[in-house]
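I have placed the structure first, in the form of structure tokens, so that the comments after it can refer back to it.
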Amino acid sequence: MHKNKSYNILDAKLDAEYTALKKSIKNRDSYTHVRGESLYVDDVNIRQGTFHAVVFDSPKAHGKIKHIDYSKAEALEGVERILTYKDIPGKNQIGGIIPDEPLFAENEVHFCGMPIALIIAETEFIAREARRLITIDIEDLPVIITAKDAKEKGSFINEPRTFNLGDSEKAFENCEYIFEGETFSNGQEHLYIEAQGAYAEPLENGNIKITSSTQGPTAVQKTTALVLGIAMHKIEVDVTRLGGGFGGKEDQATPWAVMAALATYHLNQSVKLVLNRHDDLRMTGKRHPYESSYKIGLSKDLKILAYQVEFLQNSGAAADLSPAIAERTLFHATNSYYVPNVTTKVLSCKTNLPPNTAFRGFGGPQGMFVIESAIARAADSIGVSARTIQEANLLDENDTFSYGQVAKQVEAKNSWNSAKSLFEIESLDQEVEDFNKNNSVFKKGMAFMPICFGISFTNTPMNHARALVHIYLDGSVGISTAAVEMGQGVNTKIIQIAAQVFSIPLESIKIESTNTTRVANTSPSAASSTADLNGKATLKACNILLERLKKVASKYHKVNPDQVSLKDGFVYVDHEKSQVEWQHLISMAMIERVALTENAHYATPEIHFDKSKEKGHPFAYHVYGTSIITTTVDCMRGTYEFDSAKIVHDYGKSMSKGIDLGQVEGALIQGIGWMTMEEISYNEDGKLLSNALSTYKIPDLFSVPKHVETVPLETDGHVLAILKSKAVGEPPLMYGIGAYFAIQNAIKAFNPNYNMKFHAPMTPEKVLMGLYEKKPD
Ligand code: LUZ
Ligand code: MOS
């Protein structure tokens with residue numbers, strides 16, 4: 001009997017039927033990557049006559065432009081044109097959240113590396129030669145480098161934000177222990193392998209096509225239209241893939257694309273602008289450095305009763321994404337702990353550094369570092385291990401976050417306890433203790449790092465995506481979404497979804513470039529949400545097409561659509577294989593004039609946030625996990641190695657185990673790098689000193705943990721995660737924070753007089769000073 005029951009197409013096939021695909025699957029891009037065949041902006045086949053552009057940028061961090069002499073540069077043979085703010089037909093404005101950032105400096109410069117002009121020449125070499133011939137006279141203005149200095153001088157991006165839960169002032173009265181302190185975490189360079197770049201081409205009627213290495217094609221389109229003073233439909237933005245983004249191309253891919261388009265607008269010729277590494281390091285913003293002061297209060301039985309923090313975010317010279325990043329710092333200020341009385345405040349401090357920007361974790365890691373520091377400080381003073389305090393305060397089901405969301409499907413204790421038992425914590429402890437007893441020059445330290453990360457853009461309206469699915473008449477499939485592939489494997493995940501719905505081979509499905517004419521008005525690929533948002537839209541589109549195809553098959557077989565299914569490239573009737581193959585079914589659908597294209601929209605349900613109250617339910621769900629990091633410190637040299645990183649991670653029900661493991665391991669090591677060795681350094685004039693890979697060190701094969709073990713936590717996943725496979729891009733970065741505290745513990749084992757410091761990164765120089773620090777008088 002057939003009943004005409006209605007059901008939610010989106011949820012129709014969530015569970016059992018999809019388990020077949022939840023196996024280890026290779027990133028489909030690996031094949032072209034290893035052969036060097038993957039295409040990046042620098043690989044675009046350029047048109048004959050293409051010009052090449054180089055940016056002329058400010059040599060000073062703050063000042064008034066008195067005079068610029070372009071004459072020698074303009075006279076150089078092969079130089080076509082030099083464009084400045086005077087050549088902008090629309091608005092000289094690229095600010096995404098707050099309109100406070102010009103594309104080109106007008107009368108003042110606000111950071112070293114601030115773009116002033118674009119030199120366009122026959123070759124990049126000539127453009128670079130021309131850049132050297134430009135002379136500029138700048139009258140110095142006072143330079144602000146640190147967030148604290150900015151605060152003292154009242155230099156801010158916007159109004160501060162404060163989250164509050166309970167009454168922290170009053171709660172301190174009931175605390176047995178109260179500690180106050182200051183912390184610092186430095187910035188971090190994205191160091192995507194592919195530097196920023198774009199290629200603009202003139203089309204007919206003044207239309208322009210831009211190939212950009214951006215996480216946010218719509219941001220590029222919108223800003224280009226604004227700067228050129230033309231409609232968005234005249235700008236087409238296309239992205240094949242990025243050689244890494246890490247947040248550095250969420251907002252800051254835009255100016256280079258706009259500049260290339262501006263040159264194309266004036267010259268009616270293709271223009272290529274790809275930054276070299278030095279220019280990229282100097283001109284682009286990084287992870288925000290934070291200076292923070294905290295006050296933490298604990299009960300006798302080590303419950304955290306009250307917590308207050310003031311975060312000073314070093315935003316740089318313009319807002320960029322700083323307000324959103326500051327907000328996420330507040331969302332994650334208590335990490336995976338329940339604290340009943342919390343007051344957190346963040347100030348976005350305006351300095352004369354390049355505008356700092358999105359970086360994997362988006363302010364979350366900076367927030368978590370502070371509470372971990374406060375716990376370590378409390379533990380050290382009380383004379384217990386930090387672990388004891390961490391464990392006593394882990395989040396439980398139905399606990400409330402400071403922003404009002406009630407925690408559901410909480411895996412904080414589950415992942416913590418699983419880590420303890422799976423990795424045999426007693427014997428690990430014993431190992432460290434024995435080692436430290438038997439060795440005087442080398443000391444080991446261990447630390448736990450629990451994580452809790454909210455999934456969704458904190459700005460609710462951004463949580464949507466679309467998918468455009470074509471089934472071609474030979475049965476092959478082409479899919480366009482808003483997802484930008486940047487090495488994270490989202491294209492593979494989307495292929496898996498379609499392959500599963502249609503039950504056809506992965507090879508029958510192609511992911512098209514991300515293009516604003518096929519999928520419009522998109523949010524950037526960011527916030528760990530790309531696979532969830534675009535995957536859900538794809539799932540929806542594919543399921544709608546499937547229903548149509550089932551109808552075609554049912555008509556042919558003279559049965560009800562409910563009796564029809566697709567499996568392994570064949571039509572099945574009542575679970576019996578028929579003679580009708582997928583390609584045949586598509587031909588029948590063509591003859592029946594059935595639409596073989598679907599365009600679906602997905603918007604995350606349930607989420608909301610009220611900024612006037614700073615309360616709501618901003619996240620679809622949270623991702624949890626626990627890492628245990630062990631280090632060995634060489635107490636003669638101050639150098640360290642990481643023995644192991646042992647992780648229990650909440651993937652939900654991972655749909656692509658290989659890809660997800662890659663994300664966890666990559667993020668772990670990026671987090672360790674941020675906390676231990678990556679040291680961004682500006683001098684007092686605002687010049688970047690760590691401006692090359694000789695002076696900016698990132699983890700290499702020798703500095704990653706000798707042993708990395710990641711165990712999936714068996715959980716139900718979450719219905720708002722694509723196929724219950726939870727977002728995995730950013731959360732594991734915060735496992736790396738454990739590396740900082742492991743080193744602290746090792747120093748302490750060597751030098752009991754060491755007064756713990758919370759000033760990241762923990763470079764060998766700092767370790768050495770700590771090892772030989774004397775007892776304060
Ligand atoms: N980008 C953004 C993000 O615009 N909003 C967010 O909440 C976010 N979160 C993480 C990373 N990028
Ligand atoms: Mo982001 S930090 O671009 O997800």
Side-chain angles (χ1 to χ4, degrees), residues 95-98 161 187-192 196 213-220 222 239 242 244-254 284-288 313 315 319-333 346 348 355-368 403 405 451-465 482-490 514 522-534 604 607-609 611 616-623 663 666-667 670-671 674 726-734:
I97 298 179
I98 300 173
R161 298 272 298 270
Q188 185 175 25
E189 167 56 43
H190 302 87
L191 223 77
Y192 24 66
Q196 304 275 8
S213 179
T214 181
Q215 291 174 238
T218 292
V220 168
K222 181 179 151 203
V239 184
L242 317 187
F246 309 114
K249 295 171 182 170
E250 183 175 337
D251 234 31
Q252 298 207 358
T254 299
T284 65
K286 308 171 192 319
R287 184 189 292 288
H288 293 76
Q313 177 197 59
S315 313
D320 191 270
L321 291 162
S322 294
I325 292 160
E327 178 180 70
R328 197 176 267 279
T329 300
L330 299 189
F331 283 120
H332 294 91
V346 62
S348 293
N356 286 312
T357 193
F359 195 132
R360 207 173 192 173
F362 207 73
Q366 291 95 320
M368 293 189 197
Y403 46 93
Q405 183 159 347
I451 61 149
C452 166
F453 197 78
I455 303 303
S456 287
F457 287 96
T458 57
N459 184 26
T460 303
M462 290 172 78
N463 294 282
H464 61 87
V484 169
E485 173 61 54
M486 47 188 144
Q488 85 279 45
V490 68
T514 316
T522 67
S523 293
S525 286
S528 304
S529 302
T530 314
D532 276 1
L533 298 174
N534 295 280
T604 314
I607 52 174
H608 56 88
F609 192 72
K611 276 194 189 179
H617 185 106
F619 298 119
Y621 58 89
H622 290 82
V623 171
Q663 285 292 302
Q670 199 164 34
W674 171 52
K726 282 188 168 183
V728 72
E730 298 174 287
L733 183 127
M734 279 131 303

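Note that the structure is predicted; figures quoted are calculated from it, not measured. Both counts, for ligands and for their atoms, begin at 1 and track the order of listing.
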> Hey, is Ala527 touching ligand 1 through its side chain, its backbone, both or neither, going by heavy atoms under 4.0 Å?
Replying inline: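 Both the backbone and the side chain of Ala527 come within reach of ligand 1.
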> At a non-hydrogen distance cut-off of under 4.0 Å, which region of Glu250 contacts ligand 1 (side chain, backbone, both, or neither)?
Replying inline: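 Glu250 to ligand 1: side-chain contact only, backbone stays beyond 4.0 Å.
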Starting from [atom], what is the nearest protein heavy atom, named by residue and atom, and what distance separates them?
{"atom": "atom 4 (O) of ligand 2", "value": "Ala527 N, 2.6 Å"}
{"atom": "atom 1 (Mo) of ligand 2", "value": "Glu250 OE1, 3.3 Å"}
{"atom": "atom 5 (N) of ligand 1", "value": "Phe457 CD2, 3.4 Å"}
{"atom": "atom 6 (C) of ligand 1", "value": "Phe362 CE2, 3.4 Å"}
{"atom": "atom 9 (N) of ligand 1", "value": "Arg328 NE, 2.9 Å"}
{"atom": "atom 7 (O) of ligand 1", "value": "Thr458 N, 2.9 Å"}

Please identify which atoms of ligand 2 are closer than 4.0 Å to at least one heavy atom of [X].
{"X": "Phe359", "value": "2 (S)"}
{"X": "Phe362", "value": "2 (S)"}
{"X": "Gly247", "value": "1 (Mo), 2 (S), 3 (O)"}

Whether the side chain of [X] engages the backbone of [Y] through a donor-acceptor N/O pair (distance < 3.5 Å, no angle test) should be reported.
{"X": "Glu250", "Y": "Pro524", "value": "no"}
{"X": "Arg287", "Y": "Phe359", "value": "yes"}
{"X": "His332", "Y": "Ile451", "value": "no"}
{"X": "Glu327", "Y": "Arg161", "value": "no"}

>> Checking side chain to side chain donor-acceptor pair (under 3.5 Å) between Thr357 and each of Thr284, Asp251, Asp320, which is the one that passes?
In response: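 One option only clears the test, and that one is Asp320.
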>> Taking 4.0 Å as the limit for heavy-atom contacts, which would you say applies to Arg360 with ligand 2: side chain only, backbone only, both, or neither?
In response: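 It is the backbone that gets close, since no side chain atom is under 4.0 Å.
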> Side chain, backbone, both or neither: which part of Ala526 comes within less than 4.0 Å of ligand 2 when only heavy atoms are counted?
Replying inline: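 It is both backbone and side chain that touch ligand 2.
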>> If the contact criterion is a heavy-atom separation under 4.0 Å, does Glu327 count as touching ligand 1?
In response: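 It does not, in that no heavy atom of Glu327 comes within the 4.0 Å cut-off of ligand 1.
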> Do Glu730 and Ser528 have side-chain atoms, one donor and one acceptor, less than 3.5 Å apart?
Replying inline: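 There is such a pair between these side chains.
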>> Let me confirm one number: the NZ-CD1 distance from Lys726 to Ile455, rounded to the nearest 0.5 Å.
In response: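 Between Lys726 NZ and Ile455 CD1, I get 8.5 Å after rounding to 0.5 Å.
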> Can we say Lys286 and Glu189 salt-bridge, meaning some charged N sits less than 4.0 Å from an Asp/Glu carboxylate O?
Replying inline: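 Counted as a salt bridge, because a side-chain N and a carboxylate O are separated by less than 4.0 Å.
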> Closest approach of Thr522 and Pro217, non-hydrogen atoms and distance?
Replying inline: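 Taking Thr522 first and Pro217 second, the nearest heavy atoms are OG1-CD, 4.4 Å.
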> Which heavy atom of Ala358 sits nearest a heavy atom of Ile325, and at what distance?
Replying inline: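 Taking every non-hydrogen atom into account, N-CD1, 3.5 Å.
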> With atoms numbered from 1 as shown, which atoms in ligand 1 lie under 4.0 angstrom from a non-hydrogen atom of Met462?
Replying inline: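 This gives 4 (O) as the contact atoms.
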> What are the atoms of ligand 1, with element, lying closer than 4.0 Å to any heavy atom of Glu730?
Replying inline: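 Once the distances to Glu730 are compared, the set is 10 (C), 11 (C).
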> Would you say Asn459 has any N or O atom under 3.5 Å from an N or O of ligand 1, going by distance alone?
Replying inline: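 Asn459 vs ligand 1: no N/O contact under 3.5 Å.
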>> Using the rule ring pair (Phe, Tyr, Trp, His ring centres under 6.0 Å), only one of Phe453, Phe457, Phe609, Tyr403 pairs with Phe619; which is it?
In response: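 The single option meeting the ring pair (Phe, Tyr, Trp, His ring centres under 6.0 Å) with Phe619 is Tyr403.
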